[in-house]
Amino acid sequence: MVKYSLITGALSKFFGNVSKGLSDWHKSKEEVREEGQFTLEELRDAKFIRHDKRIVISAPEIVIGNVDTNGILVGDKNVVIVKGNHVDVHGVNEDGAVSVKAPYIENIAADPGIDGLEDVACEKSKIVNQARQVCLYGSDPSKDGFFTIPEQEENFKGVQIHSDNSIVVDATKSVEKLGKQLDTLIAKYQGDSQKLTMEMTTLLGSLSTLTAKIDVIVAAQTPLVAESDVYRASYLAYKKIVEQFGESASEFVNKYDEAYAKISTLGEINRRIKALQEDKKALEKRKDKFKEEFTDTCFTVKAEKMDFSSIDGDGNVRETDDSSITMQAKTLDLHTQKADGSLIDKSQVLVNTQSVVASTENKQLKDDGKNGDLSTVGSIEVRSKQLSFLAEERKCSDGKMEVKQPTEGSTFTVKAQDVKFSSNDKDENALGTFKVSAKDVEVASQDKDLNSTGNVVIKAANIAEMAVDKGGKATGQITVNGKNIFVQSADVDKDKGTDGKMASGGSVTIFAEKMFVGSKDKDNTSKTLTVASDKLGIYGTTTTEMQQGDKKAVVQLDGGNVSVSGSKTNLYGTTTVNGKSDFKSSAKMTSLEVGTLKATSSFQSPNIKDGFGAGGAGGGGSLSAKLSQENAPKSESVAMPKKEEKK
């Protein structure tokens, strides 16, 4: 006789153990199954076929399920469960196939427990799919549509993953996001646990009431079957009691099965809550070091050849604005190296696009990128034996590339607060060559309004500025212009950069067919011209002239003759005249000492009169030659930088 009160007690004990550890919980589950599940098997409305060795179901076509004779499903709720320590499904021979179809298919590598109500991840949890072709398709059919298989390459072998929407390969760990997910799951499971606990309390109460009712029915049945005479006299009463017992027993089995399933589910939920709470604690401990420490997540792709393309299913490169390939990381390492770090011979990295932007700009934006600051930080370093930046047109002839010409309108711009081009060794000693070659070269230090600012410094052992053609003939012009201009040969203070003493043995040479110093034209002359030297040489092959003003005072050296002209001429100091002197006007002297005195026409004085007096000679002679003042040539116009227009 089934003892329903013991079964109800075992179930209540099972309910009380829902929060135990996994091993204790499994032990409690086995106990209640032995007490109740197995005991009530005879009362369940089910057919049970069992054999201790093997049961074989054999037919050309086998249908298992709640179906009619045509194999069509009957009813709304139908469940087929296959259980075993090892379940094999074989599609035998080359034409063999295994097909599983359902709106929702779930594969979970976890231990489901003896009742299938658990999901315990274990060390052996693994899903393996192996084939010559492994195809995963994620299609996007229209409503009531049909899944179409994407076109494959002929004789394709390997793994193909296709999606009409998105493919996400995620190997990440999180703290903030995972913490929120854990909180959400814990709250959900705690709500489910409370709901099931309340339902189980009510259900166990119903089972206790039902147990008492069955005990009353059994007690009423016992005297009716004690004696055969009583049984025959009370047959109708006994039949009614049996019917009541059958109904109550059936109800008890159903409620027991419901209670067992809910308690098992409640135990699994409580186990998950504890596991999630432990994960939450571990997550809180990891939160402080999460950003600094490596989390061991890794995504590895290995292949002899890899192709990343933003294309559509027809093989066309997508040209929409959102089509892109993005890589994001703290460090991006792109190299063509061997395992020992040496470069692979003739390896190369090719980037070919309409626009290339290499930026170390730090963006701090908000409002969906509409507002914020963009500051340039960091550095870009390029190391190479040969470094070229080319903007040129090329053509290909018989497989050989030839340069046609520089690209029209092309520019090369370097813009920074400090720009340094150097060819130095490790000790900062200059070496090599720095060459700038262009039709127009401009070096400027200017503000936005084109005012000259700052300094332009050129330091070298030898500096040559030349405007010459390829044959060496001078062309064009070199203009040096400034408020103060210094051309000197002097030592410089190495720390202050200021002028020092005159360089020993130095020299300055200015050489040209025509030279103009101190004058641009008669209206633009220097206020002061100072020439100071231990030795001063002024050489004019034909004529040398010094002139003050217009015909006022002139000193001229012409053809070996010296001419001095002025409104008044004064000679100071001891004066010696070697050679014949011809005075063509009157001459006055305070004292005269003459070795030999000869008067051509007469000689007279207040006291002496000899010969006849004659009138004085004519005035001072005129200069034999006169240089005309020439204007210095003006420098040709030089294209100055234009002020950039504000866009």
Side-chain angles (χ1 to χ4, degrees), residues 46-171 261 264 268 299-307 313 315:
K47 293 182 179 180
F48 182 70
I49 301 172
R50 176 177 176 77
H51 194 277
D52 292 335
K53 293 184 178 180
R54 173 182 291 181
I55 294 176
V56 177
I57 302 175
S58 177
E61 181 178 354
I62 298 174
V63 178
I64 299 176
N66 186 19
V67 296
D68 59 19
T69 56
N70 296 313
I72 298 175
L73 201 63
V74 177
D76 296 328
K77 188 175 182 180
N78 301 277
V79 178
V80 176
I81 299 174
V82 179
K83 289 186 179 182
N85 295 109
H86 194 97
V87 179
D88 286 341
V89 179
H90 295 173
V92 184
N93 299 326
E94 291 187 0
D95 296 331
V98 175
S99 178
V100 178
K101 294 181 180 180
Y104 176 76
I105 298 175
E106 182 179 64
N107 291 317
I108 298 177
D111 183 0
I114 58 176
D115 49 17
L117 299 175
E118 299 178 9
D119 283 318
V120 180
C122 55
E123 291 296 327
K124 292 185 178 181
S125 294
K126 185 188 333 184
I127 295 176
V128 178
N129 291 310
Q130 181 177 358
R132 291 193 175 185
Q133 294 186 39
V134 177
C135 304
L136 301 176
Y137 300 141
S139 299
D140 184 19
S142 59
K143 186 178 181 181
D144 297 330
F146 173 72
F147 286 113
T148 56
I149 299 177
E151 184 179 356
Q152 291 182 341
E153 296 181 11
E154 189 175 355
N155 297 323
F156 172 80
K157 299 292 184 293
V159 178
Q160 180 183 15
I161 301 176
H162 169 85
S163 173
D164 289 339
N165 297 105
S166 301
I167 295 176
V168 177
V169 180
D170 193 342
S264 292
E268 174 65 10
F299 174 60
T300 302
V301 179
K302 294 181 180 180
E304 188 173 350
K305 180 180 179 181
M306 285 179 277
D307 184 8

Item to check | Set of side-chain hydrogen bond (donor to acceptor under 3.5 Å, both in side chains) partners for Asp95, sequence neighbours left out | outcome: none

Checklist entry - Say you draw a straight line from CG of Leu136 to NE2 of His162; how long is it, rounded to the nearest 0.5 Å? => result 11.5 Å

Item to check | Heavy-atom closest pair, residues Ser264 and Asp115 | outcome: OG-OD2, 3.1 Å

Item to check | With Asn129 via side-chain hydrogen bond (donor to acceptor under 3.5 Å, both in side chains) - residues at least two apart | outcome: none

Checklist entry - Listed by chain and number, what are the side-chain contact (heavy atoms from CB on, under 4.5 Å) partners of Val301, not counting sequence neighbours? => result Phe299, Met306

Next on the checklist: Applying side chain to side chain donor-acceptor pair (under 3.5 Å) as the test, list every pair that has at least one member in residues 97-108; sequence neighbours left out.
Outcome noted: Tyr104-Glu106

Checklist outcome for this item: side-chain hydrogen bond (donor to acceptor under 3.5 Å, both in side chains) filter on Asn78, not counting sequence neighbours, yields Asn66

Next on the checklist: Run the side-chain contact (heavy atoms from CB on, under 4.5 Å) test against Thr300 and tell me which residues pass, sequence neighbours left out.
Outcome noted: Cys298, Lys302

Item to check | Residue pairs passing the salt bridge (Lys or Arg N to Asp or Glu O under 4.0 Å) test where at least one lies in residues 52-78, sequence neighbours excluded | outcome: Arg50-Asp52

Output a table of donor-acceptor pairs, distance under 3.5 Å, between side-chain atoms of residues 119-128 and any protein atom two or more places apart or on a different chain; print 'none' if there are none.
from   : atom 1 : to     : atom 2 : distance (Å)
Asp119 : OD2    : Arg272 : NH2    : 2.8
Ser125 : OG     : Ala109 : O      : 2.9
Ser125 : OG     : Cys122 : N      : 2.9
Ser125 : OG     : Cys122 : O      : 3.0

Checklist entry - So does Ile64 have more than 12 non-hydrogen atoms from other groups sitting under 6.0 Å from CD1? => result no

Item to check | With sequence neighbours excluded, residues passing salt bridge (charged side-chain N to carboxylate O under 4.0 Å, His left out) with Asp111 | outcome: none

Next on the checklist: With heavy-atom distances below 4.5 Å as the criterion, would you say the side chains of Val67 and Ile72 are in contact?
Outcome noted: no

Checklist entry - Of all residues at least two apart in sequence or in a different chain, which pass the side-chain contact (heavy atoms from CB on, under 4.5 Å) check with Ile114? => result Lys29, Glu30, Arg33

Checklist entry - For residues 82-94, which residue pairs qualify under side chain to side chain donor-acceptor pair (under 3.5 Å), counting only residues two or more places apart or in two chains? => result His86-Asp88

